[in-house]
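Below, read A as the first sequence line, B as the second, and so on, with proteins coming before strands; counting in each chain starts at 1.
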There are 2 protein chains.
Amino acid sequence: MSEPRPGVELLWGAPRTPARGPRPGLSLERIVGEAVAIADAAGVAGLTMPGLARRLDAGTMSLYRYIPGKDDLISLMIETATGDAPRLDVSDGWRPALTHWAHATRTVLLAHPWMLDVVTSPRVMGPRELGWLEEGLRALSVLALPPMRRFDLALLVNGYVRGVALEQVHGEAVAAQGPFFTPELLTEHGREADFPLLMEVMESFPFDAPAGDGEDARFAFGLERLLDGIETHFGGAAV
Amino acid sequence: MSEPRPGVELLWGAPRTPARGPRPGLSLERIVGEAVAIADAAGVAGLTMPGLARRLDAGTMSLYRYIPGKDDLISLMIETATGDAPRLDVSDGWRPALTHWAHATRTVLLAHPWMLDVVTSPRVMGPRELGWLEEGLRALSVLALPPMRRFDLALLVNGYVRGVALEQVHGEAVAAQGPFFTPELLTEHGREADFPLLMEVMESFPFDAPAGDGEDARFAFGLERLLDGIETHFGGAAV
DNA sequence: GCTCGATGCGTATCGCATACGCAATAGGGG
DNA sequence: CCCCTATTGCGTATGCGATACGCATCGAGC
């Protein structure tokens with residue numbers, strides 16, 4: 001038996017258009033759009049139902065006429081912020097396509113860092129999000145592998161993208177709340193002898209470098225390594 | 001000027017032993033240990049100050065005599081659950097050592113899945129956690145690279161481990177709340193034509209396979225690819 | 001035994017998610 | 001054309017979590 005799960009219908013069903021009753025003063029699109037804007041600016045922690053209602057000039061409880069609960073709102077936010085998957089060009093083989101896919105995924109995650117906090121929760125993926133997976137599979141479809149193996153590879157690359165994005169966002173958040181990753185942390189507690197290699201790193205830390213570029217380069221570099229590894233292993237499987 | 005930030009002292013300072021006053025009925029160790037046990041069983045969402053106090057047979061506010069706030073508690077939980085970094089044997093080169101390091105990291109994350117939810121928040125790392133980084137750097141120290149570059153590589157591998165663990169935990173959580181990743185999701189909404197490759201995957205999904213083993217293999221495989229890539233790029237840099 | 005730095009914790013505040021119910025609204029069948 | 005009813009807006013209320021505050025109490029050293 002399939003349970004109703006109203007949230008799934010919001011993601012997958014057709015938009016509801018009621019026949020009778022007062023005209024709705026809000027719309028799912030407006031609610032979700034404003035929620036995404038709030039989360040972009042203040043993170044998921046800054047997104048509250050009263051706060052969202054205030055931005056929409058509505059009563060708090062009015063929101064619940066449109067969504068069953070906050071969890072469903074977040075699912076819809078993910079679906080909206082994700083956007084449509086890029087159309088990949090696989091004519092040059094899987095590697096350029098998968099590279100493009102990975103970079104596009106990273107761009108989305110960095111544009112909406114709160115997504116890194118919420119994609120973990122148990123939830124149902126929407127059509128847009130599955131569209132991204134489908135495109136990833138399409139990039140890999142030129143490899144003569146069982147579908148399940150291609151799926152593994154798509155998740156592998158996706159996991160890499162997430163992990164590195166998480167690392168970057170985390171690092172930036174820590175840096176924003178004050179200098180922490182400095183030699184002083186260790187010397188002040190007399191622990192510098194326990195972390196000789198970290199001391200080296202901290203001392204050479206270029207705090208003045210433009211953070212974004214370095215992160216992009218680090219990401220691209222790691223991605224190339226990962227794809228190199230895939231290629232040496234599966235390169236011969238090209239159709 | 002360095003601000004006080006009491007949480008940092010809890011992580012890095014010496015254990016406080018008060019001279020006067022009533023004997024403390026609780027201890028940091030007991031509080032943090034019980035908190036980790038709760039989070040292991042119920043996730044961070046299941047960890048509340050009143051709930052924790054109840055397990056400890058204490059009043060809720062008593063906890064605040066030991067920790068400044070919940071955030072600091074979580075920092076301490078991470079530090080405790082992380083455990084001591086494994087001593088790596090680098091005599092066979094960087095690759096076996098780094099492999100061991102990555103697997104050990106993964107083991108910790110899967111033993112305490114809530115860590116994946118909280119490592120993102122802006123926080124200060126403790127000595128144990130930095131010890132892991134130090135060990136990762138030690139594995140890479142046999143490569144003749146600038147310290148910063150070795151640091152990048154350590155974060156790269158760490159990011160990969162996190163990303164894949166996140167993916168696995170997320171997938172398991174979704175699966176636990178009912179079948180979702182099935183062809184029916186698509187066919188029920190008449191969208192099967194939009195996701196031909198996903199349909200293939202869903203149809204071949206072996207729901208009966210032992211999940212853990214498959215995930216371990218997938219992780220190990222991806223890690224090998226990543227290290228392969230690093231090796232082909234930096235292999236010549238061995239000291 | 002007095003003092004003063006601690007501790008245990010009841011009480012209170014504040015913010016959040018969300019259930020419930022009532023009043024206002026408006027398309028459509030009679 | 002009007003009333004019926006599905007529907008909306010939202011005030012009010014509940015319950016829970018984090019945490020500030022203050023009081024009663026404790027106990028090591030004088």
**Q** Is Val157(A) close to Thr105(A) at the side-chain level, that is, under 4.5 Å between some pair of heavy atoms?
**A**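 Side-chain contact under 4.5 Å: no.
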**Q** Taking any atom under 4.0 angstrom from a heavy atom of chain B, which nucleotides of DNA chain D are the first and last to qualify, 5' to 3'?
**A**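 Here the contact window of chain B covers dG17(D) to dA28(D).
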**Q** Go through residues 46-66 of chain B and report each residue with a non-hydrogen atom lying under 4.0 Å from DNA chain C, sorted by number.
**A**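 Within this stretch, Ala58(B), Gly59(B), Met61(B), Ser62(B), Arg65(B), Tyr66(B) sit under 4.0 Å of the strand.
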**Q** Look for any protein N or O under 3.5 Å of an N or O in nucleotides 28-30 of chain C and output each such pair with its distance, or none.
**A**
none

**Q** Would you say Phe195(B) and Leu137(A) make side-chain contact, with heavy atoms under 4.5 Å?
**A**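 No; the side chains remain at least 4.5 Å from each other.
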**Q** Look only at the side chain of Glu135(B) and the backbone of Leu88(B), and say whether a donor-acceptor pair between them is shorter than 3.5 Å.
**A** yes
**Q** Taking only distance into account, with no hydrogens and no angle test, what donor-acceptor pairs under 3.5 Å do side-chain atoms of residues 113-124 of chain A form with protein atoms, sequence neighbours excluded?
**A**
residue   : atom : partner   : partner atom : Å
Trp114(A) : NE1  : Asp40(A)  : OD1          : 2.6
Ser121(A) : OG   : Val118(A) : O            : 2.9
Arg123(A) : NE   : Val119(A) : O            : 3.4
Arg123(A) : NH1  : Glu129(A) : OE1          : 3.0
Arg123(A) : NH2  : Glu129(A) : OE2          : 2.8

**Q** For Asp71(B), which residues count as a salt bridge (charged side-chain N to carboxylate O under 4.0 Å, His left out) partner, sequence neighbours excluded?
**A**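 For Asp71(B), no residue satisfies salt bridge (charged side-chain N to carboxylate O under 4.0 Å, His left out) once neighbours in sequence are set aside.
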**Q** Would you say the side chain of Leu109(A) lies within less than 4.5 Å of the side chain of Val169(A), judging by non-hydrogen atoms?
**A**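 They are not in contact (no side-chain heavy atoms under 4.5 Å apart), so the answer is no.
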**Q** Glu9(A) and His189(B): side chain to side chain donor-acceptor pair (under 3.5 Å), yes or no, with the steps?
**A** CA-CA 9 Å; Glu9(A) 277 317 301; His189(B) 294 93; 3.1 Å; yes
**Q** Among residues 21-44 of chain A, which ones have heavy-atom contacts with DNA chain D below 4.0 Å?
**A** Gly21(A), Pro22(A), Pro24(A), Gly25(A), Leu26(A)
**Q** Please confirm whether the backbone N or O of Leu47(A) pairs with a side-chain atom of Lys70(A), one donor and one acceptor, at under 3.5 Å?
**A** yes
**Q** Is there side-chain contact between His103(B) and Phe219(B), with at least one heavy-atom pair below 4.5 Å?
**A**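 Side chain of His103(B) against side chain of Phe219(B), heavy atoms only: contact under 4.5 Å found.
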**Q** Report yes if the side chains of Glu192(B) and Pro183(B) come closer than 4.5 Å at any heavy-atom pair, otherwise no.
**A**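 No; the side chains remain at least 4.5 Å from each other.
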**Q** Over 60° means perpendicular and under 30° means parallel, so classify the ring planes of Phe181(B) and Phe151(A), tilted if in between.
**A** tilted
**Q** Do Val164(A) and Arg162(B) touch side chain to side chain, with heavy atoms closer than 4.5 Å?
**A** no
